[in-house]
Number of protein chains: 2
Amino acid sequence: MSKKAGAPRTRNRWGEGERLRGEILAAASRLLSGLDGEDGLTIRGVARAADIAPASIYQHFTDRAALVAGLTDYEFARLHTAMMAARDRVDTGDAAGRVRAMLHASCRFAMDNPGHYRLMTAGGPPRTGQTGPLAEVIDLLVDGFAHCEADGIALRVSARRAAVIAFVGAHGRVVLFQNSAKHADMDSVTSFVDEFLSLVFA
Amino acid sequence: MSKKAGAPRTRNRWGEGERLRGEILAAASRLLSGLDGEDGLTIRGVARAADIAPASIYQHFTDRAALVAGLTDYEFARLHTAMMAARDRVDTGDAAGRVRAMLHASCRFAMDNPGHYRLMTAGGPPRTGQTGPLAEVIDLLVDGFAHCEADGIALRVSARRAAVIAFVGAHGRVVLFQNSAKHADMDSVTSFVDEFLSLVFA
DNA sequence: ACAGTTACCAAACAAGTGTTCGGAGACTTA
DNA sequence: TAAGTCTCCGAACACTTGTTTGGTAACTGT
């Protein structure tokens, strides 16, 4: 943990420059899990967590803002893969079940990583438009609902609308009511999501 | 604006100690509207906005945390009154319209005050439980939906469930998709809310 | 062996932070 | 008039922050 003690840190070799970038993001992500929240997300804090010098970060990120932006993408990628993984664990024939699995996975992610989630939704105008990482996540749900319709499951609104409603509802629930207990409330969230889905399906 | 120039600030008189507290909160609220977001919410920044000395804040708030907590309550009170005002502008006979008005008002509040809204939802465990300012806002909607049921308007879920779903959905929409344009997108948000409500009503 | 490139870091800089302390001015009471 | 109280402020303390500069060690190609 300490920089003075510990092993003399295997320095990155020639041509491995990109490696530290990943380590920095991982360390920042780890840091965001701490109790400090996003306040602890400082250059020096990240450097401390990654066990490197603060100056080293500037070789991979021009700014603190660039670091935060990079971390946001990093977290959205994590969410994206978590949702796809959950979807792929459900049989292809069960289109509704696949959507359900994706929503549950996204809720689990939000509950397990409240700090990360706040960071993701904090992104300014340029990141939350029609394109961007959030849109990719939504598109995942749109595809899911579209498959439902293709399989003859009627929706009360369009697939895109349903995707936005479901995602927004599921995560609004998590963000607004992030109580003390984290895993204990997971059941109430999933049941909330299920009730939500029952409203969307005809 | 400046402390050096400007009028020599009418100092609070004897016995008017509580007045400055309100001025501080108002200044902090104003500050939160700026582009800095919640980062600009510093003791010194608030003092500058209120045109007082930083030290003066400590007579009304023990901590920076206490200031933030006080501001959170202040903003929730603003949201609460805005929703009630919107509701009371609709005829008592139109129960569904009154709910709709409250939701629209809350969305407008969230869109007009994204910074404030982030602060409100950032509150830790002790503030977002079964009681607290958020619960009071939700209860407002529960009452609204309950009146709908009393007036023979069927719901597809319980009044409490409907309130949480509607509030969470409306605000999730705002928080997740707070694009560049603020007022321009108000129409799309209200239509989203309306579609949302059509799902809740049987 | 030599220069060249890459990857990292120690140290410092200027700026801003929360907070405390000893007053100073305005008012009330006597 | 003099003491007492309330309300506010100037100045300082001890920190932390983002960022830059000038290196040094490891490795490459020649």
Side-chain angles (χ1 to χ4, degrees), chain A residues 1-28 31-32 34-72 119, chain B residues 1-28 31-32 34-72 119:
Chain A
M1 285 295 179
S2 170
K3 204 189 300 184
K4 300 281 184 182
R9 177 177 171 69
T10 59
R11 205 190 176 103
N12 272 358
R13 292 186 231 289
W14 190 95
E16 280 188 329
E18 285 297 297
R19 202 184 72 181
L20 189 59
R21 194 192 140 93
E23 284 183 17
I24 290 170
L25 288 175
L31 200 62
L32 214 53
L35 301 122
D36 333 325
E38 48 197 318
D39 296 337
L41 203 65
T42 69
I43 293 278
R44 295 173 122 99
V46 171
R48 226 172 294 137
D51 197 19
I52 60 174
S56 305
I57 290 180
Y58 287 87
Q59 220 154 27
H60 302 274
F61 303 93
T62 63
D63 260 324
R64 192 194 101 101
L67 209 199
V68 172
L71 183 58
T72 304
L119 181 78
Chain B
M1 284 296 177
S2 167
K3 205 189 295 184
K4 302 279 184 181
R9 176 177 173 69
T10 59
R11 205 193 176 102
N12 272 359
R13 290 187 233 288
W14 191 97
E16 279 189 329
E18 286 297 298
R19 201 184 73 181
L20 189 59
R21 193 191 140 94
E23 285 184 17
I24 289 171
L25 288 176
L31 199 64
L32 215 51
L35 300 123
D36 333 324
E38 48 198 319
D39 296 337
L41 202 65
T42 68
I43 292 278
R44 295 173 121 99
V46 171
R48 227 172 293 137
D51 197 19
I52 60 173
S56 304
I57 291 182
Y58 287 88
Q59 219 153 29
H60 303 274
F61 303 93
T62 63
D63 260 325
R64 192 194 102 102
L67 211 198
V68 172
L71 183 60
T72 303
L119 181 79

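Below, chain A is the first sequence line, B the second, and so on; all start at residue 1. Since the structure is predicted, the reported quantities are computational estimates derived from the model, not experimental observations.
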Subject >> Minimum-distance pair of heavy atoms, taken over all atoms of Ala53(A) and Ala47(A) >> reply: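 Closest approach of Ala53(A) to Ala47(A), heavy atoms only: C-CB, 3.9 Å.
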Nearest-0.5 Å distance, [atom1] of residue [X] to [atom2] of residue [Y]:
| X | Y | atom1 | atom2 | result |
| --- | --- | --- | --- | --- |
| Leu31(A) | Arg48(A) | CG | CZ | 8.5 Å |
| Leu41(A) | Leu32(A) | CG | CG | 5.5 Å |
| His60(A) | Arg19(A) | NE2 | CZ | 10.5 Å |
| Ile52(A) | Glu23(A) | CD1 | CD | 8.0 Å |

Subject >> Contacts of Ala55(B) that satisfy side chain to side chain contact (heavy atoms under 4.5 Å, CB included) - sequence neighbours left out >> reply: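 So Ala55(B) forms no side chain to side chain contact (heavy atoms under 4.5 Å, CB included) with any residue.
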**OP:** Just jot down the side chain to side chain contact (heavy atoms under 4.5 Å, CB included) partners of Phe61(A), sequence neighbours excluded, or say none.
**Re:**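 Listed in chain order: Arg21(A), Ile24(A), Leu25(A), Ile57(A), Ala66(A), Leu67(A).
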**OP:** Taking Watson-Crick and G-U wobble pairs with both distances under 3.5 Å, convert DNA chain C into its dot-bracket string, 5' to 3', dots for unpaired and | for cross-strand pairs.
**Re:** ||||||||||||||||||||||||||||||
Length of the line joining [X]:[atom1] and [N]:[atom2], which is rounded to integer Å:
| X | N | atom1 | atom2 | result |
| --- | --- | --- | --- | --- |
| Gln59(B) | dC9(D) | CD | C1' | 10 Å |
| Leu20(B) | dC8(D) | CG | P | 5 Å |
| Ile57(B) | dG10(D) | CD1 | P | 13 Å |

**OP:** Check whether any side-chain heavy atom of Val46(A) lies under 4.5 Å from a side-chain heavy atom of Leu71(A), and answer yes or no.
**Re:**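 Not in contact.
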Subject >> Below 4.0 Å: OP1/OP2 of dT7(D) and any side-chain N or O of His60(B) >> reply: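 Answer no for this pair, as no side-chain N or O of His60(B) is under 4.0 Å from OP1 or OP2.
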**OP:** Would you mind building the protein contact string for nucleotides 14-20 of chain C? One character per nucleotide, 5' to 3', B for base within reach (heavy atoms under 4.0 Å), S for sugar-phosphate only, - for untouched.
**Re:** ---BBBB
